[in-house]
K.L.:
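I have a structure I would like to understand better, so I am pasting it below and will then ask my questions one at a time.
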Amino acid sequence: MKALVLHGVDDLRLEEVETPSPGPGEALIKVKAAGICGSDVPRVNAGAAHFYPIILGHEFSGIIEGLGEDCQEYGLKVGQHATAAPLIPCMRCADCQKGDYSLCRHYSFIGSRVNGAFAEYVTVPARNVVPLDPSIPFVDGALFEPSTVALHGVWGCGFRGGEDVAVLGFGTIGYFTAQWARLLGAKRLAVFDISEERLELARQIGADKAFNSSVNGTPEEALEFTKGSGYGYVFETAGQNNAMSLAFELAGNKATVCFVGTASKDLNFGWKLFEKLNRKEFWLSGSWMSYSPPFPGREWTMTNEYLANGRLVLDKSLLFKTFPLEDGAKAFRLFKQRGAVKGKIMLLND
Ligand SMILES: [Zn+2]
Ligand SMILES: [Zn+2]
């Protein structure tokens, strides 16, 4: 089969390699679409790969082409359209036994610790396979992960409807967080971002209010929207200082503030901001990945069902560009130009 094999920093080669065959408990998937994740970029461009040579790619969809022995219990069929959850938890540690698979420390991961989907075929544990509703296009099937991450954050902090919700940052994770909060019963939904284009999209998916957080006076106006009482749930999806500060401002008394976004720079806050945590007695929580029992979890099955019934919307703008697998190296070069990539890049096989 053809595969994009990473041999070193910036050394991505299209090669002919042996097609993997599914072992016991494994499924062979013919890959149709595979997204380039933000985490793949440093693996290719900055030496962040665990080893070489490796085939990356963990956000993908395709067709089940074969099943190894001992797959009966998963109810899969050859020919089914499918996506797969990339985490391979150990299933034995205390965290896994509690169903907190995202917290497993002995995990493997498709496309970073074992070969992934930037290839014509990939083998994955059958347990990880999520059959796709046939109405879902392959490209959408490869975009499940951000939705599952968002839903995990919403559920993980014990979200209950009937409260005002603020979503800070309207990138891909914010986009899905806002939708899940709305679908699960947010009273009023306010979205914050610095891009007018993104804010327009927020209105389209049903945000009651979309605030440009780079404009002075935003926190006051946004608090006024809740008649001064603050938001019952605040989801921070940007992983940035401003958004973190805003989260502390917007939280109501006894609110839940959940950090879904990951930071790549220091976050700093002064004592006045810190005091808001005391004075409002809000709960600050974090969220990591997207798994729950039974593995891989409701995050995955709900994404499938809600995409199929049309209640979860996947806007065309999330997909920035597609390339044939053969041009994978060219796709990765785009990430070298600052600001050139505006959305997901997908590698396609015919
Ligand atoms: Zn990813
Ligand atoms: Zn484990």
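Both ligands and their constituent atoms are indexed starting at 1 by order of listing.
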K.L.:
Do any protein N, O or S atoms sit under 2.8 Å from the Zn ion (ligand 2), and which ones are they?
P.N.:
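Near the Zn ion (ligand 2), below 2.8 Å, one finds C90 SG, C93 SG, C96 SG, C104 SG.
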K.L.:
Mind reading off the angle at the Zn ion (ligand 1) between the NE2 atom of H58 and the SG atom of C37, rounded to 10°?
P.N.:
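Roughly 100°, rounded to 10°.
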K.L.:
Under 2.8 Å from the Zn ion (ligand 1), is there an N/O/S atom belonging to D40?
P.N.:
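Short answer: no, not a single N, O or S atom is under the cut-off.
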K.L.:
Per the ring pair (Phe, Tyr, Trp, His ring centres under 6.0 Å) rule, which among Y291, F109, F295 passes with Y101?
P.N.:
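By the ring pair (Phe, Tyr, Trp, His ring centres under 6.0 Å) criterion, Y101 pairs with just one of Y291, F109, F295: F295.
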K.L.:
Answer yes or no: is there an ion pair linking E275 with K272, defined by an N-O contact shorter than 4.0 Å?
P.N.:
no
K.L.:
State, to 0.1 Å, how close S108 and R113 come at their nearest heavy-atom pair, and which atoms those are.
P.N.:
OG-CB, 3.6 Å
K.L.:
Check the angle between the aromatic planes of H81 and F138 and answer parallel, tilted or perpendicular using the 30° and 60° thresholds.
P.N.:
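The arrangement is tilted - the two ring planes meet at 30° to 60°.
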K.L.:
So which N/O/S atom does E145 have closest to the Zn ion (ligand 1)?
P.N.:
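Considering only N, O and S atoms, E145 comes nearest to the Zn ion (ligand 1) through OE1.
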K.L.:
Looking at every non-hydrogen atom in both residues, tell me the closest pair between P86 and W300 and how far apart they are.
P.N.:
CD-CH2, 3.8 Å
K.L.:
Tell me, which N, O or S atom in E59 is closest to the Zn ion (ligand 1)?
P.N.:
OE2
K.L.:
Could you report the tightest heavy-atom contact between I36 and A331, atom names first, then the distance?
P.N.:
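Closest pair (atom of I36, atom of A331, distance): CD1-CB, 3.8 Å.
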K.L.:
Give the minimum heavy-atom separation between L132 and S61, together with the two atoms involved.
P.N.:
CD1-CB, 4.1 Å
K.L.:
Could you tell me whether F282 and F248 have their ring centroids closer than 6.0 angstrom?
P.N.:
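Yes.
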